[in-house]
Enquirer: 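One structure, pasted below without further comment.
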Amino acid sequence: MTDEFPTRYDPQEAEPRIYSQWEKSGYFNPDRCVEDGITSKEADYFSLVLPPPNVTGTLHLGHAFEDTVQDIIIRYNRMRGKRTLWIPGTDHAAIATQAKVESVLNKEEKKNRHDLGREEFLRRVREFAEKSHDTIVKQVKRIGASLDWSREAYTLDEKRSSAVKIAFERMYGLGLIYRGARIVNWDPRSQTTVSDDEVVHEETNGLLYTFRYDKDFPIAISTTRPETKVGDVAVAVNPKDERYKEYVGKEYKVKFVDKEFVIKIVADENIDPAFGTGAVGVTPAHSLIDWEIAEKNSLPYTQVIDEQARMTEAAGPLLVGKKTLEAREIMVTWLKQESLMEKEEEIKLNLSKAERSGGTIEPLPKLQWFIDVGKPFILSDSKIEGISSGETTTLKEIMKQAVSGGQVKIIPDRFEKVYFHWIENLRDWCISRQLWFGHRIPVWYCLKCGVPTVNAQISSKWFLVRHGETDDNKEHRASGGGRDVPLNEVGVAQAEKAAEILKGQNIGLIISSHLTRAKQTAEIIAKATGAEIIYDEELRERYMGKVEGVHHDEIKELYPSFWIDYHGKSAENESYHETGERVHVAFKKHRDSHDGMNVVVVSHGGAIRTLLKHLKNLTPEETLTKMHLIPNATPIPIDILSQDCTNCGEKLFEQDPDTLDTWFSSGMWTFSTLGWPEKTKDLETYHPNSFMAPGYEIIFMWVARMILMSGALIGEVPFRTVYFHGIVRDKNGQKFSKSKGNGIDPIDMAEKYGADALRMALIAGASPGNDVKFDEDRVRGYRNFATKIWNASRFLVMNKPDSARPETITPTKKDKEILDGFLQIKSEVAKHIEEFDFHLASEKTYHYFWHTFADKIIEEAKSRLKGDDMADQWAAYDTLEQVLLGSLIMLHPFMPFVTEEIYQKFRPEKMLLVERWD
RNA sequence: GCGCUCAUAGCUCAGUGGUAGAGCGUUUGCAUGACACGCAAAAGGUCCGAGGUUCGAUCCCUCGUGGGCGCACCA
């Protein structure tokens, strides 16, 4: 017996073996438990869903901690006989993952995402995400998390994508999602908008400048950003401010920098008379507050900063094209030269930064999609306490009610205050992101009139493809319908890349220009897609007459209007106008005769450009100046929807290029994982979730959004209890982060000391909502504890009485006391778990096992086991065994591996995982 | 500015209205037939400061000091 019970337990060997045994049993899946009669069909449910880790790399100790908390409660409830479901999954984490891949790309290949193009970049991101996913799954399993892998989900998988689409449509239909021009937080570094919650404030030292627009202007204003002042339209003062009362309502013409302005004096409550001069220059385009003041007073706006954080043309010749900081210096110098500067003083100010990229947020007016949190709508089917079905409510109200009505219990309760406070200050949620990785916004704009269609299915897709590169292209020679040159090497590679992209698009037909460069491109695509090619000369490039093959610079000299005159024919060429007409007619003909299939059209730069002029209803000027040149071998998708444009009846659409805020899909996590929008059995059975264990740092980003989405879409709260755990920090209280290099891989800890030890170390010192400082010494301590459990069990095996087990064992008074004592502890532990005091529960089991069971009970039993009284030997042993097995049950949620391993040595036919606690 | 939170043994942290606990560390014995990742014993704390409530406070209240964090403003 001692052969198979060495003095040391080896977690590294045992843990993976035990995990796969559990997996094979299928008992992580509640359906299986019911089938095998382990769980009653009528039993209560207990469900939770794993907060999906971001596929940005690997898990850290914080995840291990989070997983442990959940695993404890799920194992406990499973052993209590409930139908327990814990669903695993991962989050695509749009901005975080994209940023990660971009930074790798930049480091390793010195490229940005635009160098690769949308499709290729996304392929790389997916590849990366998949790798991360695999690592993450391995890690989660190593920790011992008893997740039902058969239900694994991903926020970007097919089911979740379709759920997102339907959610968007429904919320749009309810008027909860709208498109509007508003001031948004623009991150110039990652070139996207971000939500208010993704902005962090950093205190910095700044200068407050006080100046006048010109000498005759009656009021001096204060600002920290003089460069934005060229976008001013008004000066706002407090209505009670006596100094300025006489000016309110008046308009002044000013000459400022090199522009003429009209500045109106307005009154606004929000202005603090004590700050600066008590007068503020109102810059609606670059400040949210100013935007609101402008709205109230019907003032116009001038955008003077662009998406690159550079000054626009509207900023005037002195500043145009300059970075904002440069522009600031220029402004300050100018103000001083003109003697308009009255004061400069140092002040502290908060700089807004994008949480992910660190870019300085630039508030800009942009046309974006928003969720309206204050809009009244009818919640048709409500199970939310305090809001009845059919009642008019708002998203804010739902979020408030869910918690104040007690349906969502927040632990620890101090976070309720934080939650309510956030809701009070909540503004509309900007959900569109200018990122590539994520759920594409399910909105199509009519190519012709631009009107959006939301509730739509794609019935077929057309792709316009310009041929790959030729030597003419490379050497900047005009290459029209009169020249027939082949692809060069680069061009072939480009065509192959395009073919790769189109391969997955179920292409039914390729229609190509007959010119060699197009033909070659089409053939490469045909090979990859298996589609047939038909040729149409009408799709040829614009005929360039006398300049065919001539270098672009030379053309500019010879025929200056050649590239810019839409109707020009000066080089005996075909005009752009003529080309467009020709190609458009051809395109229309093909469109009509190849309905319902996905088609690739291979043509040329000028031809596609002028075709798009017709399709998009552009002016000649827009076509030639504003529209970008068509890149080689990059498919331009055009969607044909199941319905025509409701505004103009046209059939061709392009999808909104933006993607959704990643929290939009994570907000649906509790029900999208259960199969929503289908009315699945899972959804009916397991929603709302019983429990949820996120970190308190995502209370707004995620938890509030889950309550919002769940309320809006299914009229339910997402979960009953939300338990906020703290952040795991290093020994010195620092957050773990890659940049600090203090990261610890939970796998390393599990390999070194065992997952059981790691779990105990994480959970034992952690009261709800408080941060945990991680100390390897503690892990070692609990590794020792695992060994203690092991050896106490070993003692029992070695000291089992030799005689035959008697029919009946009569416990002594002492035995009864011991058993009563144990049951007392066990019920206390159960109570702690049920009250989510996992730290108390784990410490109590620890203390009992070591210092009561091992140190006292076993020690005291030794003399009885060695005594002469056979019956008493058995009585003593039987008590020990009962307490041991009971303790293993009690310890199992915390230390699942070692307890399972030992339990099966005593009860080979059983599995502790599904043994009953009571 | 508003709010939250923490301050307990050398370190990291639990905890309680009746003068305190764990892990690691330290000291002293022990190779005691389960376990040296152990056993037995021990040292070590005016439970941040001041005041209040109470028969009694480390725990409740007020103020203060010093950390951490959130939110808002930031012209």
Side-chain angles (χ1 to χ4, degrees), chain A residues 2 5-9 196-197 200-201 203-204 206 208-210 221-226 228-229 232 235-237 268 270-272 275-283 286-290 293 347-352 412 414-426 696-697 699-700 726-727 729-735 753-754 757 760-761 763-767 769-799 837 839-840 842-844 846-847 850-851 854-855 858-859 862 865-866 880 884:
Chain A
T2 44
F5 225 130
T7 57
R8 286 287 155 77
Y9 160 71
D196 295 344
D197 299 289
V200 291
H201 304 285
E203 192 173 89
T204 49
L208 182 69
Y209 304 93
T210 300
I221 60 166
S222 300
T223 182
T224 54
R225 297 196 62 184
T228 64
K229 295 292 103 181
D232 282 11
V235 164
V237 299
D268 194 282
N270 289 316
I271 305 304
D272 175 6
F275 190 92
T277 59
V280 187
V282 178
T283 325
H286 302 290
S287 151
L288 181 56
I289 298 284
D290 292 6
I293 293 175
I347 62 160
K348 293 229 180 288
L349 57 97
N350 279 331
L351 207 56
S352 299
R414 67 183 139 91
F415 287 113
E416 274 189 19
K417 231 182 241 183
V418 181
Y419 174 81
F420 286 129
H421 183 248
W422 178 80
I423 292 175
E424 298 297 328
N425 291 299
L426 187 59
Y696 63 75
E697 73 277 13
I699 176 164
F700 311 132
I727 295 169
R729 297 169 181 276
D730 74 5
K731 231 176 154 169
N732 307 314
Q734 300 270 340
K735 259 189 174 179
Y753 301 109
M760 279 298 273
I763 212 72
S767 51
N770 288 337
D771 292 354
V772 189
K773 278 186 203 160
F774 182 79
D775 186 352
E776 198 171 326
D777 280 345
R778 287 166 54 85
V779 188
R780 201 176 328 119
Y782 288 108
R783 187 269 322 260
N784 295 352
F785 179 51
T787 311
K788 190 74 188 176
I789 301 170
W790 180 260
N791 277 299
S793 312
R794 186 165 179 268
F795 173 83
L796 262 73
V797 169
M798 290 172 68
N799 289 282
D837 285 323
H839 60 305
L840 298 181
S842 62
E843 281 156 20
K844 190 158 268 174
Y846 173 91
H847 200 266
W850 199 317
H851 300 299
D855 288 352
I858 289 184
E859 286 307 320
K862 280 181 179 171
L865 289 167
K866 281 186 214 139
L880 290 182
L884 174 69

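Here is the naming used below: chain letters follow the sequence lines, and residue numbers restart at 1 for every chain.
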Enquirer: Main chain of A/Gly726, side chain of A/Asp771: is a donor-acceptor contact present, judged purely on distance under 3.5 Å?
Expert: no
Enquirer: Indicate, with a heavy-atom threshold strictly under 4.0 Å, whether A/Ile221 touches base, sugar-phosphate, or nothing.
Expert: nothing
Enquirer: Write down the distance separating the C1' atoms in B/C69 and B/U16, rounded off to the nearest Å.
Expert: 27 Å
Enquirer: Taking CG from A/Asp272 and C1' from B/C74, how many angstroms apart are they, rounded to a whole number?
Expert: 10 Å
Enquirer: For a quick check of understanding: with a heavy-atom distance under 4.0 Å over all strands, which category does A/Ile289 fall into, base, sugar-phosphate or nothing?
Expert: sugar-phosphate
Enquirer: Which whole number of Å gives the distance between the P atom of B/A9 and that of B/G44?
Expert: 14 Å
Enquirer: Considering only the P atoms, how many Å lie between B/A34 and B/U46, rounded to the nearest integer?
Expert: 42 Å
Enquirer: Pick the closest RNA chain B nucleotide for A/Gly278 and for A/Asn784 by heavy atoms, then say which residue is nearer the 5' end.
Expert: A/Asn784
Enquirer: Side-chain N or O of A/Ser767 less than 4.0 angstrom from OP1 or OP2 on B/A14?
Expert: yes
Enquirer: Any salt bridge between A/Asp775 and A/Arg778, counting N to O under 4.0 Å?
Expert: no
Enquirer: Does B/C4 have OP1 or OP2 under 4.0 Å away from a side-chain N or O of A/Lys417?
Expert: yes
Enquirer: Base, sugar-phosphate, or nothing for A/His286, non-hydrogen atoms under 4.0 angstrom?
Expert: nothing
Enquirer: Using a cut-off of 4.0 Å on non-hydrogen atoms, how would the nucleic acid contact of A/Glu859 be classed: base, sugar-phosphate, or nothing?
Expert: base
Enquirer: Would you check if the side chain of A/Asn425 reaches a backbone N or O of A/His421 as a donor-acceptor pair within less than 3.5 Å?
Expert: yes
Enquirer: Between A/Val418 and A/Lys862, name the one whose nearest nucleotide on RNA chain B is closer to the 5' end.
Expert: A/Lys862
Enquirer: What is the distance from CG of A/Asp837 to P of B/A14, rounded to the nearest Å?
Expert: 12 Å
Enquirer: If you measure from the P atom in B/G68 to the same atom in B/C13, how many Å do you get, rounded?
Expert: 14 Å
Enquirer: Using the C1' atom in both, what is the distance from B/C47 to B/G21, to the nearest Å?
Expert: 11 Å
Enquirer: Pick base, sugar-phosphate or nothing for A/Thr224, based on heavy-atom distances below 4.0 Å to the nucleic acid.
Expert: sugar-phosphate
Enquirer: Set out, line by line, the N/O atom pairs under 3.5 Å between protein and nucleotides 6-11 of chain B.
Expert:
none

Enquirer: Parallel under 30°, tilted from 30 to 60°, perpendicular over 60°: which one fits the rings of A/Tyr696 and A/Phe415?
Expert: parallel
Enquirer: Could you give the CZ-to-C1' distance, from A/Phe420 to B/C71, as a whole number of Å?
Expert: 16 Å
Enquirer: Tell me if the side-chain of A/Arg780 makes a donor-acceptor pair with the base of B/C37, cut-off 3.5 Å, by modelled atom types.
Expert: no
Enquirer: Going by side-chain contact (heavy atoms from CB on, under 4.5 Å), name the residues that satisfy it together with A/Phe700, two or more places apart in sequence or in a different chain.
Expert: A/Asp197, A/Val418, A/Trp422
Enquirer: Quickly work out the A/Arg778 CZ to B/U12 P distance and round it to whole Å.
Expert: 12 Å
Enquirer: With rounding to whole Å, what would you report as the distance between B/A57 and B/A40 at their P atoms?
Expert: 37 Å
Enquirer: Do the rings of A/Trp850 and A/Tyr846 sit parallel, tilted or perpendicular, given the 30° and 60° boundaries?
Expert: tilted
Enquirer: Between A/Lys788 and B/C35, is there a side-chain N or O to OP1/OP2 distance below 4.0 Å?
Expert: no
Enquirer: With no hydrogens and no angle check, is any side-chain donor or acceptor of A/Thr204 less than 3.5 Å from a backbone partner on A/Leu349?
Expert: yes
Enquirer: Can you check the A/Asn425 CG to B/C74 P distance for me, whole Å?
Expert: 13 Å
Enquirer: Give me the atom names and distance for the closest heavy-atom approach of A/Tyr209 to A/Thr224.
Expert: CE1-O, 4.3 Å
Enquirer: Specify the separation, in whole Å, of atom OH of A/Tyr846 and atom C1' of B/C13.
Expert: 14 Å
Enquirer: Give A/Thr787 one of three labels, base, sugar-phosphate or nothing, depending on what nucleic acid heavy atoms sit under 4.0 Å from its own.
Expert: base
Enquirer: May I ask you to verify if any side-chain N or O of A/His201 is less than 4.0 angstrom from the OP1 or OP2 atom of B/G70?
Expert: no
Enquirer: Which part of the nucleic acid, if any, lies within contact of A/Ala764, taking any heavy atom under 4.0 Å across all strands shown: a base, the sugar-phosphate backbone alone, or nothing?
Expert: nothing
Enquirer: Touch check for A/Thr283, heavy atoms < 4.0 angstrom, all strands: base, sugar-phosphate only, or nothing?
Expert: nothing
Enquirer: Donor-acceptor check, side chain of A/Asp837 to backbone of A/Ser767, threshold 3.5 angstrom: yes or no?
Expert: no
Enquirer: Which part of the nucleic acid, if any, lies within reach of A/Asp855 when heavy atoms closer than 4.0 Å are counted: base, sugar-phosphate only, or nothing?
Expert: sugar-phosphate
Enquirer: Counting just side-chain N and O atoms, does A/Arg8 come under 4.0 Å of either OP1 or OP2 of B/C37?
Expert: yes
Enquirer: I'd like to know if the side chain of A/Lys229 reaches the main chain of A/Gly281, judged simply by a donor and an acceptor atom lying under 3.5 Å from each other, with no hydrogens or angles considered.
Expert: yes
Enquirer: A/Asp777 near the nucleic acid: base, sugar-phosphate alone, or nothing, with a heavy-atom cut-off under 4.0 Å?
Expert: sugar-phosphate
Enquirer: Are the side chain of A/Thr283 and the backbone N or O of A/His286 linked by a donor-acceptor pair below 3.5 Å?
Expert: no
Enquirer: Kindly give the heavy-atom pair with the smallest separation between A/Ser352 and A/His201, and that separation in Å.
Expert: OG-ND1, 3.5 Å
Enquirer: Does A/Tyr782 put a side-chain nitrogen or oxygen below 4.0 Å from OP1 or OP2 of B/G23?
Expert: no
Enquirer: When rounded to the nearest Å, what value does the distance between P atoms of B/C59 and B/U53 take?
Expert: 14 Å
Enquirer: Represent RNA chain B in dot-bracket notation, 5' to 3'. Only Watson-Crick or G-U wobble pairs with both distances under 3.5 Å count; pseudoknot-style crossings use [ ] and interstrand partners use |.
Expert: (((((((..((((.......)))).(((((.......))))).....(((((.......))))))))))))....
Enquirer: Indicate whether OP1 or OP2 belonging to B/C39 is found under 4.0 Å from a side-chain N or O atom of A/Trp850.
Expert: yes
Enquirer: Less than 4.5 Å apart, any side-chain heavy atom of A/Glu859 and any of A/Lys862?
Expert: yes
Enquirer: How many Å lie between OH on A/Tyr696 and C1' on B/G3, as a whole number?
Expert: 15 Å
Enquirer: Looking only at atom C1', what distance separates B/U5 and B/C48, rounded to whole Å?
Expert: 15 Å
Enquirer: I need the CE-P distance between A/Met798 and B/C35, as an integer number of Å.
Expert: 7 Å
Enquirer: OP1 or OP2 of B/A40 versus the side-chain N and O atoms of A/His851: is any pair under 4.0 Å?
Expert: no
